Asker: 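Before I ask anything, let me first share the structure, which is written out below as structure tokens.
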Amino acid sequence: MLTLANSFMGACFAGTARAALEMAIDYAKERVQGGVPIYKHQSVQSRIFKMFSRVEAARGLSRRVLAGNAANPPGNVQYSIASKTYCTQTAFDVASDALQIFGGNGLTKEYPIEKVMRDARASMIEDGCNEILGLVGAGRLFD
Ligand SMILES: Cc1cc2nc3c(=O)[nH]c(=O)nc-3n(C[C@H](O)[C@H](O)[C@H](O)COP(=O)(O)OP(=O)(O)OC[C@H]3O[C@@H](n4cnc5c(N)ncnc54)[C@H](O)[C@@H]3O)c2cc1C
């Protein structure tokens with residue numbers, strides 16, 4: 001159950017991280033500050049590229065774990081836990097950076113990034129708290 005559920009959580013929240021990145025890119029093209037769209041500011045570009053790198057790392061890990069488990073049923077729980085904990089943490093970190101790009105608007109219900117941020121935070125608790133899952137996964141490494 002945990003092998004299956006945690007691997008799906010990894011994929012879901014790699015997608016959540018990607019959604020947050022895409023929202024931030026769209027908003028950075030639309031919002032004007034300092035006379036230019038904010039994506040023209042280097043600090044915004046730098047933040048967005050770091051987000052992109054983390055999203056791609058999460059996508060790569062979650063896909064590899066899903067494919068590995070499918071090829072070797074019933075799969076290996078430690079890989080699923082690695083995917084779940086890494087991708088949910090990434091979703092939270094990327095959503096937090098995305099919200100920063102939205103500034104104060106990001107905290108309003110006018111923009112869905114505030115919901116993405118709440119969902120990403122919940123994901124670190126649901127399907128097992130990441131800290132506890134880490135202990136279960138660590139146990140498997142010493143079997
Ligand atoms: C959005 C969402 C959806 C959910 N969906 C489902 C669902 O569909 N089905 C279902 O059955 N459950 C579901 N849950 C429940 C979820 O599985 C639990 O919330 C989760 O396992 C954590 O349990 P808890 O909330 O009782 O926290 P607790 O176990 O009370 O933990 C609270 C805190 O104490 C820490 N802690 C706990 N035990 C230890 C320990 N031994 N050592 C050190 N620290 C510890 C935790 O890391 C955490 O920080 C959902 C939760 C959320 C948030």
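As the structure is a computational prediction, the values presented were derived from the model and not from experiment. Residue indices begin at 1 and follow the sequence shown. Just so you know, ligand 1 is whichever comes first in the structure, and atom 1 is the first atom listed for that ligand.
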Asker: Looking only at protein heavy atoms, which one is nearest to atom 49 (O) of ligand 1, and what is the separation?
Answerer: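 Checked against all protein heavy atoms, atom 49 (O) of ligand 1 sits closest to Glu131 OE2, 4.3 Å.
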Asker: Tell me: protein heavy atom nearest atom 37 (C) of ligand 1, and distance?
Answerer: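 The closest heavy atom on the protein side is Ile132 CD1, 4.0 Å.
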Asker: Checking side chain to side chain donor-acceptor pair (under 3.5 Å) against Lys84, which of Asn130, Asp127, Asn6 comes through?
Answerer: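 One option only clears the test, and that one is Asn130.
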Asker: Around atom 19 (O) of ligand 1, find the nearest protein heavy atom and jot down its residue, atom name and distance.
Answerer: Ile125 CG2, 3.6 Å
Asker: Can you confirm whether Met117 sits close enough to Phe92 that some side-chain heavy atom of one is under 4.5 Å from a side-chain heavy atom of the other?
Answerer: yes
Asker: Any idea which protein heavy atom is nearest atom 27 (O) of ligand 1, and the distance to it?
Answerer: Cys129 SG, 4.4 Å
Asker: Output the list of atoms in ligand 1 that are nearer than 4.0 Å to some heavy atom of Asp127, sorted by atom number.
Answerer: 17 (O)
Asker: Enumerate the residue pairs fulfilling ring pair (Phe, Tyr, Trp, His ring centres under 6.0 Å) with a member in residues 103-133, sequence neighbours excluded, ordered by first and then second residue.
Answerer: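 Qualifying pairs: Tyr27-Tyr111, Phe102-Tyr111.
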Asker: Quiz question: by atom type and distance under 3.5 Å, do the side chains of Asn69 and Asn76 form a donor-acceptor pair?
Answerer: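 No pair is found: no donor N or O on one side chain lies under 3.5 Å from an acceptor on the other.
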Asker: Any protein heavy atom under 4.0 Å from atom 2 (C) of ligand 1?
Answerer: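 When distances to the protein are checked, atom 2 (C) of ligand 1 has a heavy atom within 4.0 Å.
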Asker: How close does the nearest protein non-hydrogen atom get to atom 50 (C) of ligand 1, and which residue and atom is it?
Answerer: Glu126 CB, 3.9 Å
Asker: Mind checking what makes side chain to side chain donor-acceptor pair (under 3.5 Å) contact with Lys50, not counting sequence neighbours?
Answerer: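 Counting only residues at least two positions away or on another chain, Lys50 forms no side chain to side chain donor-acceptor pair (under 3.5 Å).
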Asker: Given Ser123, Ala5, Gly128, Ala122, which has its nearest heavy atom closest to atom 21 (O) of ligand 1?
Answerer: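 Heavy atom nearest to atom 21 (O) of ligand 1 belongs to Gly128.
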Asker: Considering only protein heavy atoms, determine whether one is less than 4.0 Å from atom 34 (O) of ligand 1.
Answerer: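 Not a single protein heavy atom is under 4.0 Å away.
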Asker: Under the 4.0 Å line, does any protein heavy atom show up next to atom 15 (C) of ligand 1?
Answerer: no
Asker: Within this structure, what is the OG1-CD distance for the pair Thr90 and Glu56, rounded to the nearest 0.5 Å?
Answerer: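 One gets 11.5 Å once the value is rounded to the nearest 0.5 Å.
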Asker: To the closest 0.5 Å, what do you measure between CD1 (Ile101) and CG (Leu21)?
Answerer: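 Spacing of CD1 (Ile101) from CG (Leu21) equals 8.5 Å.
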